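Keep in mind that this is a model prediction, so the values were computed, not measured.
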Amino acid sequence: SLPDSSSSSDDEAVSSESAGPQQSPDTWINSSLHGSSTSSSASSTLSHGESRPTQAPQPQSQQVPPPPALAHPPHSHSQPSALAEAFAQALESTRECVFVRLSHPTLPDPNPGVGVPVSSRVSPKIQQRLNTLKRPKRPPLSEFFMDDQEEIVEVPQVDPNAPKPEGRQIIPVKGEPLGVVSNWPPALQAALARWGATQGKSPALTALDITGKPLYTLTYGKLWSRSVKLAYTLLNKLGTKNEQILKPGDRVALVYPNSDPGMFWVAFYGCLLAEVIPVPIEVPLSRKDAGSSQVGFLLGSCGVGLALTSEICLKGLPKTPTGEILQFKGWPRLKWVVTDSKYLTKPSKDWQPHIPTANTDTAYIEYKASKEGTVMGVAVSKVATLTHCQALTQACNYCEGETLVNVLDFKKDMGLWHGVLTVSDKNVSSMLLLQIFSESRCVDLNTYLNAPPPAKKLHAGLSHGVIRVNTEDKNSALTVQDVGHVMPGALMCIVKPDGPPMLCKTDEIGEIVVNSRAGGNMYYGLHGVTKNTFEVIPVNASGTPIGEIPFVRSGLLGFVGPGSLIFVVGKNEGLLMVSGRRHNADDLVATALAVEPVKTVYRGRIAVFSVTVFYDERIVIVAEQRPDASEEDSFQWMSRVLQAIDSIHQVGLYCLALVPANTLPKTPLGGIHISDTKQLFLEGALHPCNILMCPHTCVTNMPKPRQKQPVGVGPASIMVGNLVAGKRIAQAAGRDLGLIEDQDLVRKHQFLTEALQWRAQTDPDHTLYVLLNAKGVVVCTATCVQLHKRAEKIAAALMERSGINIGENVVLLYPPGIDLIAAFYGCLYAGCIPVTVRPPHPQNLSATLPTVRMIIDVSKAACILTTQVLTKILRSKEAATTVNIKTWPIIIDTDDLPRKRPPTIYKPPNAEMIAYLDFSVSTTGMLTGVKISHAAVSALCRSIKLQCELYSSRQITICLDPYCGLGFVLWCLASVYSGHQSILIPPMELESSLTLWLGTLSQYRIRDTFCSYSVMELCTKGLGGQTDMLKARGVNLSCVRSCVVVAEERPRLALTHSFSKLFKDLGLSMRAVSTAFGSRVNLAICLQGTTGPDPSTVYVDMKSLRHDRVRLVERGAPQSLPLVESGTILPGVRVIIVNPETRGPLGDSHLGEIWVNSPHNATGYYTIYGEENLQADHFNTKLSFGDPQTLWARTGYLGFVKRTELTDSSGDRHDALFVVGSLDETLELRGLRYHPIDIETSVSRAHRSIGESAVFTWTNLLVVVAELCGSEQDALDLVPLVTNVVLEEHHLIVGVVVIVDPGVIPINSRGEKQRMHLRDSFLADQLDPIYVAYNM
């Protein structure tokens, strides 16, 4: 064991050394040759107050003295690297080495239990206790966060035949040692000073133009004198007399065009002489340059505030109209300085630039773009620059007076190292050409140089990261050329490219990592990223570090071949990881370009990248199409590329897109800017002219389809199971209608006709209805007595006509208004059964008249009551082209009827008689009429009256279509029953006057209003930016306490929420908006009235919902769907959730069909074309178990019931009903149940140009139709985004994407999409789409 004092003397040695004075150049030369630039990081880690890492003992105390070349001068603070180099030496000599961990007795070992036991002063038991105390027990991470990838994704099985590496672990490869040179300059600037003085007339640089003619020559003397002038100007002449703008160590951007290497040289060396740090960047061409904001990030992270440029370059920079240089996107504010000679000041005789000995301070910063497009600055220290020059000079054997031809970019990488730096060291008279292509990574400067021996052919094991040399020439073989030996003075090994830096086997491909004092030493200003790239310590198979010497990741993938030759097979950033296999972007490009005819695309303009979709990387290829390529050629080329890549690389392409020529973002040197191209692809801004998506072939990790279990378990056992599991049966009920009697009205009048007569006698002048026009002006009113008298007139006309008997159906064809209401009561007075029908649209008869005709035919109507205008339309020539107008039933024009009274007013014999028929076309395109009895009418009106607290003193506003469902009930029936005044606003008036409805609410101080989703959408979209104008006009909505949206669908939470938010400024309460829910079998099941708690919102897990399960999750959980309660259940209504297959009741964690029992259920269908069995099934159904007595009606909607924490009026906990969607509309895909609206919501979010969207299935394929509301060049951008979002969020592969014009998706008057109509049009090829993509 070593004496205790050794550790403290180590400390002193290091600290005194770092605080010591600047060394003289001679001592520096020794240390710079043998020391290590990496050691600084080793010692700097100690200053963070951690326990000291175990230091290696001084080399003197080792039994085996190291070879003399590794002996350290005492002031070189690089013990860890000394040990590492000794290790490397030992590795070279013995090829086998045992690593022993040496610990100082006084220091606790950071990893107890590894290496040599410590002579401890405490008992092992106490030590063990201490160790357990230090590590608190924590649940494994998986308990904190459950990612559902495991349950969802089909994990791709590892191919058992995949090649596996079989070699031994690789041993680090060492370059030849750096030679010792006697007259080596102490710094790069010193070298320039020497050549400037001794070889002033020798040419340093000759620049050639594109044709090869010399433009100018710069001699060493000129280079030196101009650089000195620039250094003097930078330090002394930029600010006013007393302030110095630049201080040594400041960063300065160098902005010079590729055509002017001379100016760049002067600027570069001028900065070095001024001791400021040059950051060479590309010349910005416009505000929209590819990657411009990333360069801004680089300048910001380096703290650059000053940019040097030439006069010509400055003139060419984009400027604002006032002549100032444009503020580039994401750039910090820069002060621009022109460095042409005429603007520089000659220094005074006594001024000399300060040339200190090179140390570990940063000399210059080179930029580097990562795969993601991030641009970072790689800092290269002064020592590294000098050492690097020496290594290059030694490797390339540069001598004085030689000529070097450089055709690379002189601002970074090889071009900078060979063309700008080494020239100063060895007086190579260098030339620069201008065509520049270089894409190697500049983190670390290990150019491998040597004469090329024969190339190797590699086999397709490459994608598995394994090298297999191929003897015969196959398609799948890749030929690689070695790149020479390791650089002098460097150490190199190969590690796994991802995960911990584990050493590879000899026949395995990995990332090349290098230890060399000539490398970059950090990403400037980014400490976290620096550690992962510049301070990598390789580990062996068991995970223990192989030494303490840090390596730098080169970003190059390769292996070591025979004779220690290095082979590079690709770049880390060109790596695409698909299903655990690595594919190289360059290889894929090569395959694509080998496909004939290449005349379709440009060779150098292909981008290959991967996007993450559904838990794996997917390969995308984007190429620029030649303008003269035909659609046919392109398509043929694309399909061939897909096949070639599939057969040669055994990987499926996700997307292949062709874009018009010159539209892909370019790098400054003319290549394609990959990360920007990827960004454009993901944003939907690539604008392809041809696209092929192949998700079916490449998405291999789809979940297994769900197998539905045969119903072997009876509903009874399911119910018992639910009870055992503690789940309630999912049912809910509204308040009891009970005996809440109404003054004398209900007792006396079973029928609405009686109620109207009673009102006409007792309160004749009370206004029941007010009709407004588009200007908000009252055009018509009806008091109780006026309505009664108009109804009598119509009844008399009906009774007079022969052929119309009591109990026959009469069609009412009226625009929304009071005529419709009068005609309705006229029919009841005459004993006929009214059928309200929406009138045909005069501008669109061909589409709307057939529906009218159909209802008239189906209802077997004896007569049509209508207005004069509509009578003319029904008999017009235009109508005759669409329907047979000769067979209309009797048409009575009710506009100018004589004043007559009917002999008697009909009173039905009992309340079960039919009062009226309610016809409606469902979203699936079914026309259904339901029979509503007088008893149901009274019960429904009474229920609404109780729920909304309606009395004769109240006013409500209705902006709804009055033809079916709850809209008709509110428009025609409720006022006559409850006596409240209804202000009627026909929804179509809103199209010409958007503010009509809201203005009316404010003007009449309305408390309760009813509207439809289409009305709400009109207001939200149309008045979005006009709230201030409405406020100025005095519109105030604070009076509104309930605004009910009447619908037969899942509540549209996003729309109601944005409506509330938008008009909050006008005083609308956030609690006011709510929804009602009705269906064909029961016109009003829920209606949020004035009583009862606010509607509650829950978040359910969409994945569970597809399995008909309801799992509540927190707001914002991934894959969550917000649902809002559909309003309070009406008095007298009971609902239960039932399994549609077994017809047994379900627990409240299940999604099932909503069944309803209530006195206002419809009595049955009015002939669905003779399907009588449907009648019994939908209207008078019993549960198969549980309560077999009650008769229920099936709504055809899926939903669930949740007990909430709120209390209802009776003080019990409130049960909320949530409607999820129509059973007929659901899509059964892969055994799961999908609701179209959920997929459509995702699709509409995918791109800003998608307006409305609709989905349906066609032979097991999912078809997405999206309306394009942007320009047509966006059309093909939508295809990949729609495919991505549906795969990502719903785990479905879209089969067909159809892009259509706005307005193509049919929407009915209630604002519901007619998906089945759309499907029929698509299959009949009547859509006239902009583009149809069949995903292969």
Side-chain angles (χ1 to χ4, degrees), residues 282 290-291 293-295 297-298 366-378 408-409 412-414 437-447 462-463 465 478 480 483 494-499 501 504 509-514 519-520 523 526 528-530 532-534 536 551-559 566-578 580-592 604-612 616-622 649 651 664-682:
E282 307 299 339
S293 52
Q294 296 291 358
V295 175
F297 171 76
L298 164 79
E366 245 182 86
Y367 78 83
K368 171 203 166 287
S370 74
K371 184 177 181 177
E372 289 73 41
T374 325
V375 175
M376 297 179 285
V378 176
L408 300 169
D409 182 0
K412 54 184 288 215
D413 297 353
M414 312 279 192
F437 290 101
S438 154
E439 276 294 319
S440 89
R441 170 156 167 189
C442 60
V443 167
D444 140 62
L445 322 174
N446 42 339
T447 20
L462 272 180
S463 66
L478 173 73
V480 287
V483 291
I494 311 255
V495 299
K496 299 240 161 98
D498 27 44
C504 287
I509 290 172
E511 182 173 8
I512 296 171
V513 294
V514 177
Y523 286 128
L526 302 167
V529 208
T530 293
N532 298 338
T533 305
F534 292 91
V536 174
F551 283 75
V552 177
R553 288 186 182 275
S554 70
L556 299 169
L557 300 171
F559 59 94
I566 315 298
F567 287 84
V568 174
V569 295
K571 295 200 298 281
N572 211 348
E573 50 207 48
L575 208 58
L576 313 171
M577 275 294 278
V578 181
R581 284 175 55 197
R582 298 194 189 97
H583 299 277
N584 195 326
D586 298 338
D587 297 344
L588 292 171
V589 170
T591 303
R605 309 222 193 125
I606 296 191
V608 176
F609 52 86
S610 62
V611 292
T612 309
D616 201 356
E617 297 292 307
R618 316 284 175 200
I619 299 178
V620 179
I621 297 188
V622 183
H649 299 269
V651 65
L664 287 181
K666 307 276 186 289
T667 58
L669 306 174
I672 298 295
H673 199 295
I674 304 283
S675 58
D676 270 27
T677 305
K678 175 174 173 174
Q679 201 51 42
L680 289 176
F681 174 80
L682 291 173

When you look at Ile606 and Ile621, which way does the side-chain contact (heavy atoms from CB on, under 4.5 Å) test go after all the steps? CA-CA 7 Å; Ile606 296 191; Ile621 297 188; 3.9 Å; yes
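- Annotation: side chain of Ile672 is not in contact with side chain of Phe609 (no heavy-atom distance under 4.5 Å).
- With hydrogens and angles ignored, the 3.5 Å screen pairs no side-chain donor or acceptor of Ser610 with any backbone N or O of Leu576.
- Taking the side chain as every heavy atom from C-beta outward, Leu298 and Met376 never approach each other to under 4.5 Å.
- Note on ring orientation: taking the six-membered ring where Trp is involved, the planes of Tyr523 and Phe534 are perpendicular (angle over 60°, cut-offs 30° and 60°).
- Note: Ile512 CD1 to Arg553 CZ = 12.5 Å, rounded to the nearest 0.5 Å.
- Leu557 places none of its side-chain heavy atoms less than 4.5 Å from the side chain of Val568.
- A heavy-atom distance below 4.5 Å is found between the side chains of Phe297 and Thr374.
- Side chain of Asn584 to backbone of Val569: a donor-acceptor contact under 3.5 angstrom is found.
- Side-chain contact between Lys666 and Arg605 is present, with heavy atoms from C-beta onward closer than 4.5 Å.
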The test is side-chain contact (heavy atoms from CB on, under 4.5 Å); show your working for Asn572 and Leu556 and say whether it passes. CA-CA 6 Å; Asn572 211 348; Leu556 299 169; over 6 Å; no
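- The side-chain contact (heavy atoms from CB on, under 4.5 Å) test with His649 singles out one residue from Val578, Asp587, Ile619, and that residue is Asp587.
- Across all their heavy atoms, Gly520 and Val552 have their closest contact at O-CG2, 4.4 Å.
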Residue pair Met577, Asp498: steps toward the side-chain contact (heavy atoms from CB on, under 4.5 Å) verdict: CA-CA 11 Å; Met577 275 294 278; Asp498 27 44; 4.2 Å; yes
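- Contact check for Gln294 versus Ser675: no side-chain heavy atoms found under the 4.5 Å cut-off.
- Looking at Glu511, its side chain does come within 3.5 Å of a backbone N or O of Gly555 through a donor-acceptor pair.
- Looking only at side-chain heavy atoms (C-beta outward), Leu680 and Pro665 come within less than 4.5 Å of each other.
- Between Thr667 and Glu282 the shortest side-chain heavy-atom distance does not fall below 4.5 Å.
- Nearest heavy-atom pair across Gly510 and Cys504 is CA-SG, 3.8 Å.
- For Lys678 (side chain) and Lys371 (main-chain N/O), no donor-acceptor pair under 3.5 Å exists by modelled atom type.
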